[in-house]
Amino acid sequence: MMRLESIKKGNDKMSYLIKLEFKKIQPIYLIGLIVGIIFAVSTLFFLREGYVYANNMDLWMNTGDLFTVVFPLFATIPIIWQLVYERKYHYIRYMQTRIPKKKYLIAKWLVSSGSAAFIIFLISFLGLFIALYLFPDVATTDSTLLEQAEASQLSGFGGYYTLNHPLIYGIVVSLWRSVLAIVVNSLGFLLAAYIKNLFVVLISPFVIVQLENFITAVVGRSDLSLSYSFFQSGLTSQAVSIPKYLISPVWIVLLIVTIWIYFAKIKKETIYDV
């Protein structure tokens, strides 16, 4: 835990606070980055057999199915644990005498959400780069199967770009996934601000996302789930629209607001309560 003496009263510039907050999460966050890199590489090897691919871009898109399941864990676990421990050991309470509350919490959220966006972008883009430029060619040699695979890829969302401009498509997708990571991380950040149980805080965003996926599947509207918004290759061009992409992130933002109202306005709790 960072010593209180290292934070001098009055030294509350946002850049300083952001740098300080990032140092706090660094050890566990670096482990998360390493695990993410291993995940990005291993899924390519794991999925290259047993499927018919039109090209290596097709392989990378197929890894999105598994990435969709675990991305809430990468976006929260290596990061939001710090806030729980700061509250548990009363560190955050004593910060009130050194740094304005609002500025301190904004700095923590910026580091938390920014770190989540970066780790998700890194995993997504690294897998893309390796698949396109370092991985052996996985395209099927059967001309009939190749034609079918290319037709299937072309009919999917962004099919033209996946075939003709795969790098641009992959970067855009990776950036969008980073935005979704910020939303999920913000949910975890809010839970960490009010809930004391570390396990509950770390696992709740993952459970909420999977529950949303299950409910939308049961009612026959999987295209409105966060998984479909994250995993674009599961949609055809005809099924895609901007509102469908935004529905799931928006409802999670509404959930965040609802949770905040419950704790802050109804139960009258503050982040400094322990």
Atom [atom1] in [X], atom [atom2] in [Y]: separation rounded to 0.5 Å?
X    : Y    : atom1 : atom2 : result
Q82  : K108 : CD    : NZ    : 5.5 Å
L190 : T258 : CG    : OG1   : 10.0 Å
I123 : I37  : CD1   : CD1   : 8.5 Å

For a 4.5 angstrom cut-off between non-hydrogen side-chain atoms, does [X] reach [Y]?
X    : Y    : value
K267 : Y194 : no
L128 : Y169 : no
L17  : K103 : yes
P78  : I31  : no
L167 : M57  : no
P249 : V179 : no
I271 : L83  : yes
N197 : V201 : no

Look at the side chain of S115 and the backbone N and O of V111, then say whether any donor-acceptor pair between them is shorter than 3.5 Å.
yes
Which pairs, with at least one residue in residues 64-78 and sequence neighbours excluded, count as a side-chain hydrogen bond (donor to acceptor under 3.5 Å, both in side chains)?
none
Summary of side-chain hydrogen bond (donor to acceptor under 3.5 Å, both in side chains) pairs that have at least one residue in residues 123-137, sequence neighbours excluded:
S124-S174, S124-R177
Those residues at least two apart in sequence (or on a different chain) that pass ring-ring contact (aromatic ring centres under 6.0 Å, His included) with F135 are F45
Any residue meeting ring-ring contact (aromatic ring centres under 6.0 Å, His included) with F199, in chain and number order, not counting sequence neighbours:
none
Apply salt bridge (charged side-chain N to carboxylate O under 4.0 Å, His left out) to K19 and list each qualifying residue two or more places apart in sequence or on a separate chain.
none
Among residues at least two apart in sequence or on other chains, which ones pass salt bridge (charged side-chain N to carboxylate O under 4.0 Å, His left out) with E212?
none
In short, ring-ring contact (aromatic ring centres under 6.0 Å, His included) pairs touching residues 60-79 with sequence neighbours left out are F39-F67, F39-F74, F67-F230, F71-F230
Does anything in residues 111-121 form a salt bridge (charged side-chain N to carboxylate O under 4.0 Å, His left out)? List the pairs, not counting sequence neighbours.
none
Any pair with a residue in residues 38-55 that passes salt bridge (charged side-chain N to carboxylate O under 4.0 Å, His left out), sequence neighbours left out, goes on the list, sorted by first then second residue, please.
none
Taking atom types as modelled and ignoring hydrogens, do the side chains of Y228 and N213 form a donor-acceptor contact shorter than 3.5 angstrom?
no
What's in the same ILVMFWY side-chain cluster as I247, cut-off under 4.5 Å, chained through other members?
L224
Step by step, work out the side-chain hydrogen bond (donor to acceptor under 3.5 Å, both in side chains) result for S113 and N185.
CA-CA 6 Å; S113 59; N185 176 269; 5.2 Å; no
What orientation do Y29 and F22 show, parallel under 30°, tilted 30 to 60°, or perpendicular over 60°?
perpendicular
Applying side chain to side chain contact (heavy atoms under 4.5 Å, CB included), can you list everything that pairs with K265, at least two apart in sequence or on another chain?
W260, I261
Run the side chain to side chain contact (heavy atoms under 4.5 Å, CB included) test against L134 and tell me which residues pass, sequence neighbours left out.
F129, I130
Is it possible for you to say whether Y245 and L175 belong to one hydrophobic cluster, with membership spreading through side-chain heavy-atom contacts below 4.5 Å?
yes
